[in-house]
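Below, chains carry the letters A, B, ... as their sequence lines are ordered, and counting in each starts from 1.
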Protein chains: 2
Amino acid sequence: MLSFTEENYLKALVELTVFDADSDEVGVNRLATCLEVKPATVSDMVRKLRNKSLVNYEKYGKVSLTSEGRLKGMMVIRRHRLWETFLSSKLGFSWDEVHELAEELEHIHSEKLINRLDEFLDFPEFDPHGDAIPNQKGEILLPFRRTLSEIEVGKRHRISAVRDQTEVLQYMDRIELKINQEVTIEHREAFDGLTTITYGNRTSVVSPKLTENIFVVCAECGKAKCSCK
Amino acid sequence: MLSFTEENYLKALVELTVFDADSDEVGVNRLATCLEVKPATVSDMVRKLRNKSLVNYEKYGKVSLTSEGRLKGMMVIRRHRLWETFLSSKLGFSWDEVHELAEELEHIHSEKLINRLDEFLDFPEFDPHGDAIPNQKGEILLPFRRTLSEIEVGKRHRISAVRDQTEVLQYMDRIELKINQEVTIEHREAFDGLTTITYGNRTSVVSPKLTENIFVVCAECGKAKCSCK
DNA sequence: TATAAAAGTTAGATTAGTCTAACAATTATT
DNA sequence: AATAATTGTTAGACTAATCTAACTTTTATA
């Protein structure tokens, strides 16, 4: 049985090497930043995870998940996203509240519990932030994703998902920017990336820090990779 | 914020000094047995809890809860029993499966979460084993309770609650003895306490280890303390 | 009441996960 | 290619929760 901590390392590794598609391996420093611990701690821990055959790693090298590690990590994410869905759809929590709670609930191990919960929620495909929920086998829909910071000026897009971080969600709430909402980039400042967007009947100027955390699809065809217009 | 472990100590103390009404204080050895750790460990831990004003204790003395400790412990029990109710009534778990899972879920701290869950379950008064659920203020219905091992031969009783231990519940399942079922003691052996009981259309011989864990009320008046017949 | 038994404490060790500080290897830059 | 910057490792220390073994206090009993 994996500890809380080990599960958090595997979860972070899935996020860094599976979801962020640039590379399927990651350095110790990057992982440390992501987990908010020091590199020294990560060095020790990945050695331990390697001894359990959960990651591939050797001294001074990059870290990547073994298939077992990937499965274990994926199951943590499955639990996280299912609990978020429960909190939101059954207990009426808002989307910016569920993340913190799910951080704790995701470590309840029982597979039977999580499968029953899945059934109780009617096998949801997406969590309240628009992210796909891995199935019982750890498989997940990994759509090609484009963020609001990448798309061209002028073309209508729709917000499909938002990175699951309390601050992002709260900020979006404050400026009344919602999931599934249509949004257009009016202007993007080359100098600092400040971006003017219109949506509903509002216009806001937002920073790259925000736009990098919002995923969009073409408003016409619904795809992230499209050739419309 | 209390650790898992500290919460378990407080929970055990509530069980030993509030629910088991004999005494409102308990020795280190007893507590150690109950928590399945060594007395030395408990010695250290109660000193720590005393420094946090959660228990009253001095060297070589008995341990008892302060009002703050009692409240904290009661909240753990509230969470435990509400999660048990959720697992049983919403996810369809059987009464002998819920205890283990609730042992983990009870340590999720958010008060908001537990109050929402309470509401979602429609403010249940009892958990699946028939035990009262403490309210938001940590108050609980503490009925006078009599066990199957204490009642007289011949008189009809009804099972009102069962001590929340997986083995007890599984054993009861095996002999088809259920909560709310009427039961009569046919004979109790003075030598070893072996007891012959009839219920439904069955007769079983059971040990004191079982009868001490089953709570009953008079089948006529529904009270544990009655003067019927 | 003296002594034996039971109950409780202390000291020192262990494990997991973390840290800091000093060092080593790798990568980038001039 | 030499050196600087970045990245990663090691050693040693700390905390929480546990253990064992030796010791002390309290309680029960002969």
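The distance from atom CG of A:L31 to atom P of C:dT18 is 11 Å, rounded to the nearest whole Å. Here D:dA13 presents its C1' atom at 16 Å from NZ of A:K38, a figure rounded to the nearest Å. Across the protein-nucleic acid pair, A:M45 atom CE and C:dC19 atom C1' stand 15 Å apart, rounded to whole Å. Spacing between atom CG of B:L2 and atom C1' of D:dA16 amounts to 14 Å, rounded to whole angstrom units.
B:R145 contributes no side-chain N or O that, together with a main-chain N or O of B:F215, makes up a donor-acceptor pair within less than 3.5 Å. Without hydrogens or angle criteria, A:R81 side chain to A:A132 main chain gives a donor-acceptor distance under 3.5 Å.
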For this session: For each nucleotide in nucleotides 5-11 of chain D, reading 5' to 3', give B when a protein heavy atom comes within less than 4.0 Å of its base, S when such contact involves only the sugar-phosphate, and - otherwise.
Result: --SSBB-
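Scored by the side chain to side chain contact (heavy atoms under 4.5 Å, CB included) test, B:T195 finds B:I185, B:R188, B:I197, B:V206, B:T211 as partners (sequence neighbours excluded).
Using a 4.0 Å heavy-atom cutoff across all strands shown, B:F4 reaches no nucleic acid atom at all.
When every heavy atom of A:R50 is checked against every heavy atom of A:Y57, the shortest pair comes out as CD-O, 3.2 Å.
Between the side chains of B:N56 and B:S64, a donor-acceptor pair is found at a separation under 3.5 Å.
Under the salt bridge (Lys or Arg N to Asp or Glu O under 4.0 Å) criterion, the residue pairs touching residues 60-72 of chain A are A:E68-A:K72, with sequence neighbours excluded.
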